[in-house]
Amino acid sequence: MLNSSRHRDGATSVAYTTTMSLPTDKSSDIKRIIRDHLVKVNINDKIRGVLAESSQDGIDPGRWFSGEDYMHALQQRGLVDDIMKDLTLNVDMRDEGKPEHIGVMEAERNAIINPKRRYIYLQILGGKAFLEHLQVPDRISPDAHSTLTLYINFRNQRFRSKPVPCECEPELQEGFLLEVHQSLTGNENKMADCSTLLSICDPIHMVLIKTTTSGDTTLMSSHFLDWRSVLCAPDGKTSITTELLGVGRECKATVGVLNLKLEIYPHLSEHLSTEVVTTQQSLEKQKTMEKERLFLVYAKQWWREFLDIRQSHQNRLVKIFAQDENGVNRPVCSYVCVLRGGRLLETPRQAARFVSLLAQERVRGVGSGGYHEQWSSAMAFLCRNKGDCEDHATLLCSLLLGFGMDAYVCVGTKAKNTPHVWVLTCGTDGTITFWESLTAERYLHRPMDPDDPVTPLPKAAHPYQTVGCAFNHKAFLANCQPTDLVQFCAFDFRDKSRWKAMSPEALGSVCGPGSTVFTVPPVPIMLCASSLDPIQASNQMEMELRHLLTEHRKELGFATMWDDNLSYLLSSALVAYELERCTGIASGNEEFQDAVRRAVPDGHTFKGFPIQFLHHSAKRAFATCLRSRFCEEIIGCCGDHVRLAVRVRVFAYPESACATWVMLACQYYCIL
């Protein structure tokens, strides 16, 4: 077994321990690995040199040299530390429902390395040429500046580095142990050989995020690293320099450079020539380009056939391709996959609530004065923790597919002809339900007959106006009905007279499992548990809000008296609000109202107002409350026997998403 420990720099190291018994096969494998490493570093000659130096330093050569003397001499000269330095690894914590953060959290836990698997040890040896931060002044403290965090995803394994200050040469010093196995689901007991490793084209997805002091995040770079150059190294080690490019309209500009080191564990008995690896990569590229060309030919022909059906089709929002964060045009079907949340998300409505808690933000172009449409890969969206409606809809659709639902992403418009994207699910009984990914609201669709003489038409319950197409990971369908108004559309996708479908074979060639999608290989991803302690975060934010409110009232010339009992009673209301958002069912309101009536004395007036946030920053929350007329009335309440109450309840969700409910309340004696 290997024990992981945390160093002062936040990285996690792994060292061997002899205090626990191991199975015979694992014990022998570990001994073999240690023996091979000692032979490689020429340990015998180094020990002889240390002993010779010890004799010259005054140790009596005639005295018996004990084992303790040996170890003391070796440790004094740093030989033991030098040997263990090469064995320092960061272990993959991929247990379901546990945080993915290596070098940041829970590094003290034991981790098991499978001796029958191969691993890639990826070391980040620092960055340079981050010219955007060239003028950043010398930092006074780590909290005084924005930070950079590097996220890693490889074959359903996710990691992140510790945040470092934004500088021209950021001190990104991390190590990650990535498991390489033959498939994502099988062959647990067979170690991947050299030829198998060569055939694995899944890249290492590296996402660089900038976080400001206020908690705002920016996607700096999304880079796909082909790690197979390490297969050419005779000693299983190679050092490379990787240029990170920007995103969106800056995808051709360099953000910075990372120095990397790759190493294969256990080392391969043979290595491949550079020509073999280059040839494999070239063949894969040619195959990808041919698939792209054939799909483009098919898509153009399909589009011509769609326009021939009705001339007005050219005005419908039928989106076959969308540009990702790296400026690559990908089929929209490639943005959707079957995604299971494990035990982190246990119902479809809880999944919808989670997606709605990820902030919405449109990408603004540099110098354009407008917004730039950009669809993000799942990894970039989750690391950034915010995106536009397209990112929310594709993620929600993927999660609903994971729950076994027949889900599709719809592209169309909402009020004022604003382009919009939402999710649709088809029930086995033909029921059509719309899911708004930005709010987690659900709408039951009841189509109306456009030829029905009933006037005026009833107002639709949903906010959607037109729909041009619908898609998921296996299907793409364009609306070819006489009208694209949602309230008149039928969503029977099997009806070819109403929905024109693309060939499943053509879509599978560029969006199916194992395919490379327009130069970007599909990278599987899994959700990670939140690192937030909701109880601690609730208590901390509540204490800070009390302090801010007291100081604000002091500036207004008011004294502040707190009612702790009333504050506690507000908890049930906050839990009920969140439960209603997750399930759509209101409950607990009667109990809360009854408790408040009992707590507020006769003749007193009670005022309370709940407000929700997507963060747990007390300063940001208080500033928002001051802009609310209802909150301001409570904060500035004056009168006889005024008592104030505040309660905070933070609900943690995967991927650092959270729903924070704050209720401000007051009670006072009305003398009018």
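As a basis for the values below, the full set of heavy atoms in this structure was taken, side chains included, without hydrogen atoms, waters or symmetry mates. None of the values given here were measured: they were computed from a predicted structure. FYI, the numbering just counts along the sequence from 1.
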Main-chain N/O of [Y] paired with [X] side-chain donor or acceptor, under 3.5 Å:
{"X": "Thr288", "Y": "Glu284", "result": "yes"}
{"X": "Asp388", "Y": "Arg362", "result": "no"}
{"X": "Ser398", "Y": "Thr394", "result": "yes"}
{"X": "Arg498", "Y": "Asp492", "result": "no"}
{"X": "Thr279", "Y": "Glu275", "result": "yes"}
{"X": "Asn156", "Y": "Ile525", "result": "yes"}
{"X": "Asn153", "Y": "Ile204", "result": "no"}
{"X": "Ser356", "Y": "Ser437", "result": "no"}
{"X": "Glu361", "Y": "Lys386", "result": "no"}
{"X": "Asp406", "Y": "Cys426", "result": "no"}

Review point. Val467 and Leu485: side chain to side chain contact (heavy atoms under 4.5 Å, CB included), yes or no, with the steps?
Key: CA-CA 7 Å; Val467 57; Leu485 293 175; over 6 Å; no
Point to revise | salt bridge (charged side-chain N to carboxylate O under 4.0 Å, His left out) between Lys237 and Asp235, worked out | key: CA-CA 6 Å; Lys237 299 179 182 179; Asp235 58 351; 5.6 Å; no
If you measure from [atom1] on [X] to [atom2] on [Y], what distance do you get to the nearest 0.5 Å?
{"X": "Thr242", "Y": "Leu244", "atom1": "OG1", "atom2": "CG", "value": "7.0 Å"}
{"X": "Thr466", "Y": "Asn417", "atom1": "OG1", "atom2": "CG", "value": "6.5 Å"}
{"X": "Cys194", "Y": "Arg118", "atom1": "SG", "atom2": "CZ", "value": "8.0 Å"}
{"X": "Met405", "Y": "Thr428", "atom1": "CE", "atom2": "OG1", "value": "10.0 Å"}
{"X": "Met206", "Y": "Tyr151", "atom1": "CE", "atom2": "OH", "value": "14.0 Å"}
{"X": "Asn259", "Y": "Gln123", "atom1": "CG", "atom2": "CD", "value": "12.0 Å"}

Point to revise | Audit row: Glu179, Arg155, salt bridge (charged side-chain N to carboxylate O under 4.0 Å, His left out) steps and yes/no | key: CA-CA 8 Å; Glu179 182 181 310; Arg155 295 173 71 84; over 6 Å; no
Where do [X] and [Y] come nearest, in terms of heavy atoms and distance?
{"X": "Lys474", "Y": "Asn472", "answer": "N-OD1, 2.9 Å"}
{"X": "Leu344", "Y": "Cys528", "answer": "CD1-C, 3.7 Å"}
{"X": "His445", "Y": "Gln487", "answer": "CE1-CA, 4.1 Å"}
{"X": "Pro447", "Y": "Cys489", "answer": "CB-O, 3.5 Å"}
{"X": "Gly387", "Y": "Phe381", "answer": "N-CE1, 3.4 Å"}
{"X": "Asn326", "Y": "Gly246", "answer": "OD1-O, 4.2 Å"}

Indicate whether the side chain of [X] and that of [Y] have a donor and an acceptor atom separated by less than 3.5 Å.
{"X": "His420", "Y": "Glu390", "answer": "no"}
{"X": "Thr217", "Y": "Thr211", "answer": "no"}
{"X": "Glu325", "Y": "Ser377", "answer": "yes"}
{"X": "Asn315", "Y": "Ser312", "answer": "no"}
{"X": "Asp324", "Y": "Gln374", "answer": "no"}
{"X": "Glu655", "Y": "Tyr653", "answer": "no"}
{"X": "Glu373", "Y": "Trp375", "answer": "yes"}
{"X": "Thr254", "Y": "Glu243", "answer": "yes"}

Less than 6.0 Å separating the ring centroids of [X] and [Y]?
{"X": "Phe159", "Y": "Phe154", "value": "no"}
{"X": "His473", "Y": "Tyr335", "value": "no"}
{"X": "Phe476", "Y": "Trp302", "value": "yes"}
{"X": "Tyr464", "Y": "Phe434", "value": "yes"}

Practice item. Mind checking salt bridge (Lys or Arg N to Asp or Glu O under 4.0 Å) for Glu346 and listing every partner two or more places apart, or none if nothing turns up? Key: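 Counting only residues at least two positions away or on another chain, Glu346 forms no salt bridge (Lys or Arg N to Asp or Glu O under 4.0 Å).
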Practice item. Mark yes when over 12 heavy atoms from residues, nucleotides or ligands other than Arg442 sit less than 6.0 Å from its CZ; otherwise mark no. Key: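 Counting neighbours around CZ of Arg442, more than 12 heavy atoms of other residues, nucleotides or ligands fall under 6.0 Å, so yes.
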Review point. Is the number of heavy atoms from other residues, nucleotides or ligands within 6.0 Å of CD (Gln301) greater than 12?
Key: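 Yes, CD of Gln301 has more than 12 neighbouring heavy atoms, counting only those of other groups under 6.0 Å.
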Check your understanding: Ser221 and Lys210: side chain to side chain contact (heavy atoms under 4.5 Å, CB included), yes or no, with the steps?
Key -> CA-CA 10 Å; Ser221 181; Lys210 176 183 177 180; over 6 Å; no
With the side chain counted from C-beta on, respond yes when [X] and [Y] share a heavy-atom pair under 4.5 Å apart, and no when they do not.
{"X": "Phe493", "Y": "Tyr408", "value": "yes"}
{"X": "Ile240", "Y": "Ser229", "value": "yes"}
{"X": "Trp435", "Y": "Leu396", "value": "yes"}
{"X": "Glu263", "Y": "His267", "value": "yes"}
{"X": "Pro203", "Y": "Leu225", "value": "no"}
{"X": "His313", "Y": "Arg310", "value": "yes"}
{"X": "Leu358", "Y": "Leu382", "value": "yes"}
{"X": "His205", "Y": "Ile152", "value": "no"}

Exercise for review: Name the orientation class of the two ring planes belonging to Phe295 and Tyr298 (parallel below 30°, tilted from 30 to 60°, perpendicular beyond 60°).
Suggested key: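 Phe295 vs Tyr298 ring planes: tilted.
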Review point. Do Thr433 and Leu424 pass the side chain to side chain contact (heavy atoms under 4.5 Å, CB included) test, and can you show the C-alpha distance, the side-chain angles, and the key distance before you say yes or no?
Key: CA-CA 6 Å; Thr433 305; Leu424 171 152; over 6 Å; no
Point to revise | Criterion salt bridge (charged side-chain N to carboxylate O under 4.0 Å, His left out) on Arg293 and Glu290, from CA distance to verdict | key: CA-CA 5 Å; Arg293 186 188 67 81; Glu290 180 63 16; 2.8 Å; yes
Practice item. Under the side chain to side chain contact (heavy atoms under 4.5 Å, CB included) rule, what do Leu245 and Cys251 come out as? Steps first, then yes or no, please. Key: CA-CA 6 Å; Leu245 299 178; Cys251 60; 5.8 Å; no
